[in-house]
J.: 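Handing you a structure now.
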Amino acid sequence: MTTSGVEQVGRVLRVLHVEDSDLDHQLILAQLSRAGLRIEMQRLDALPAVLAALERPWDAIISDFNLPGYTGLEVLEAVKERQLLTPFLLVSGEIGEDAAVAAMRNGASDYLLKNNLARLAPALLNAIDAVDSERARRSSDDELLRSKQRLHQLAGHLQTSVELERAAIAREIHDDVGGSLTALKFDLAWIDRHAQEPEVRQRVAAALETVSSAIDASQRIMHNLRPAILEQGLVAALQWMTARFERRTGIEAGLRLGDERLALPPGVPLVAYRTAQEALTNVSKHSQATKVGIELSLDSGVLTLEICDNGRGVAAGELAKERSFGIRGLHERAATVGGWVDLSSTPGKGTSLILTVPLEPDAIDALDDATDFGKDLGNSIWGRA
């Protein structure tokens, strides 16, 4: 007897016995009692009464196979329909092999013959132990799911807080730093117009150049913190980002758009923009690529954004690093709008990152099963005609 089975011995087991013979009922009850089990067993034989009894909690159900007007398989089916996690044992005077196999396939814990009840108690205990273990597993799975949901909610809250903080910093840079730099530039320009000494004008020219660079830097920082270009739509923002990336890095960048008139739910444009921004930053820092492609499409209610390059690729070990927070951040950001990120890479053959966001309920089911989200980089965006 297992350790769990020993624990069951000291526990009063509530058993529903579906049986039309009181004599057989008494024999089974006596067999279980001789095994040292404490049993509260109720015998029922009318199907309506049995179905009503299924609404109450039971530690196990023991059922005959041949019953008045129905079979034990119908009782088992009723247990399944109610999604009851209750051990179900068939104990019959005669049961064919096909019926026994069908019962086990439908979820019966075990089956025994009435003329050989020696293993009834062990079978009952094993069935209860198995169900208890399944309940514990489901409880752990439910708790894990709730924990993941809480983590996603926390990640979403943090992402929102970060964006609000970025917007506040961008406003301060625009109002305070930007305004001060612009005023300083006007003052330097006035000095330049009124200065007579060549050395002063030379210093003023150098100062004007420095201030202009500072203004450009503040504008760049503001765009990175809070992309005002998004107010003109995701398409315009991606066009601006692609052109600016190519000018800044010298890496050839291409953009393909499925539809330039996208009506997207709140939050989605910013998630897509940040995903592209993070991907392009990784390309410029790590990929050693000469080409990068971005494709935005909306098909069957699913928004897809792909960024791929022809760089050195990413090894599997690099993706599995514990501190790969950039990639994890992309996953969490996508989850805030019900989407996900797929990253595929082959060393020496480039990297492809795909953001997928369903915009409508059941949108994913509407996609063509042949859709290949993991395209070969040889046929990637920048490699198409």
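Only a predicted model underlies this, so the values are computations on that prediction, with no experimental measurement involved.
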J.: Please list every donor-acceptor pair under 3.5 Å in which a side-chain atom of residues 66-73 meets a protein atom from a residue at least two apart or in another chain.
T.:
{"from": "Tyr70", "atom 1": "OH", "to": "Asp45", "atom 2": "O", "distance (Å)": "2.4"}
{"from": "Thr71", "atom 1": "OG1", "to": "Leu73", "atom 2": "N", "distance (Å)": "3.3"}

J.: State whether the side chain of His286 and the backbone N or O of Asn282 hold a donor-acceptor pair below 3.5 Å, judged by distance alone.
T.: no
J.: Donor-acceptor check, side chain of Ser345 to backbone of Gly350, threshold 3.5 angstrom: yes or no?
T.: yes
J.: Taking side-chain contact (heavy atoms from CB on, under 4.5 Å) as the test, write out the residues that go with Glu77, two or more places apart.
T.: Lys80, Glu81
J.: Are Arg56 and Gln42 close enough that a side-chain donor and a side-chain acceptor fall under 3.5 Å?
T.: yes
J.: I'd like to check the side-chain contact (heavy atoms from CB on, under 4.5 Å) partners of Gln202; sequence neighbours left out, ordered by chain and number.
T.: none
J.: Give, for atom CG of Leu353 and atom CD of Glu306, the distance between the pair rounded to the nearest 0.5 Å.
T.: 9.0 Å
J.: Any salt bridge (Lys or Arg N to Asp or Glu O under 4.0 Å) involving residues 185-198? Give me the pairs, sequence neighbours left out, ordered by first then second residue.
T.: Asp192-Arg201
J.: Looking at Ser139 and Arg135, would you say the former's side chain and the latter's main chain have a donor-acceptor pair under 3.5 Å?
T.: no
J.: Nearest 0.5 Å, what's the OG-CD1 distance between Ser109 and Ile128?
T.: 9.0 Å
J.: Look at Asp20 together with Arg43 and state whether they make a salt bridge at an N to O cut-off of under 4.0 Å.
T.: no
J.: Under the salt bridge (Lys or Arg N to Asp or Glu O under 4.0 Å) rule, collect the residues that match up with Arg119, sequence neighbours excluded.
T.: Asp110
J.: Who passes salt bridge (Lys or Arg N to Asp or Glu O under 4.0 Å) against Lys114, sequence neighbours left out?
T.: Glu19, Asp24, Asp64
J.: Please enumerate all residues that pass side chain to side chain donor-acceptor pair (under 3.5 Å) together with Arg146, with sequence neighbours excluded.
T.: Glu143
J.: If we ignore hydrogens and angles and just use 3.5 Å, is the side chain of Asp342 paired with the main-chain N or O of Ile354 as donor and acceptor?
T.: no
J.: Would you say Thr290 and Glu252 are linked by a side-chain donor-acceptor pair, where the criterion is simply a distance under 3.5 Å?
T.: no
J.: Any ion pair linking Asp216 and Arg244 (charged N to carboxylate O, less than 4.0 Å)?
T.: no
J.: As an exercise, state the distance from CD1 of Ile215 to OG1 of Thr210, rounded to the nearest 0.5 Å.
T.: 11.0 Å
J.: Tell me whether Trp58 contacts the main-chain N or O of Ala53 through its side chain, where contact means a donor paired with an acceptor under 3.5 Å.
T.: yes
J.: The criterion is side chain to side chain donor-acceptor pair (under 3.5 Å); which residues satisfy it with Arg82, sequence neighbours excluded?
T.: Glu55
J.: Tell me every residue that passes side-chain contact (heavy atoms from CB on, under 4.5 Å) with Lys148, counting only those two or more places apart in sequence or in another chain.
T.: Leu144
J.: Can you sort out the partners of Glu134 under salt bridge (Lys or Arg N to Asp or Glu O under 4.0 Å), two or more places apart, ordered by chain and number?
T.: Arg137, Arg138
J.: Please name the pair of heavy atoms, one in Leu76 and one in Ala108, separated by the smallest distance, quoted to 0.1 Å.
T.: CD2-N, 3.9 Å
J.: Which residues pass the side-chain contact (heavy atoms from CB on, under 4.5 Å) test with Gln26, not counting sequence neighbours?
T.: Asp22, Leu29
J.: Please give the remaining members of the hydrophobic cluster of Val131, linking ILVMFWY side chains under 4.5 Å, ordered by chain and number.
T.: Leu85
J.: Are Leu47 and Val79 co-members of a hydrophobic cluster defined by side-chain heavy atoms under 4.5 Å apart?
T.: yes
J.: Check Val292 against Ile307 and note the closest heavy-atom contact, atom names and distance.
T.: CG2-CG2, 4.0 Å
J.: Taking Arg14 for the side chain and Pro57 for the main chain, is one N or O donor matched with an acceptor at less than 3.5 Å?
T.: yes
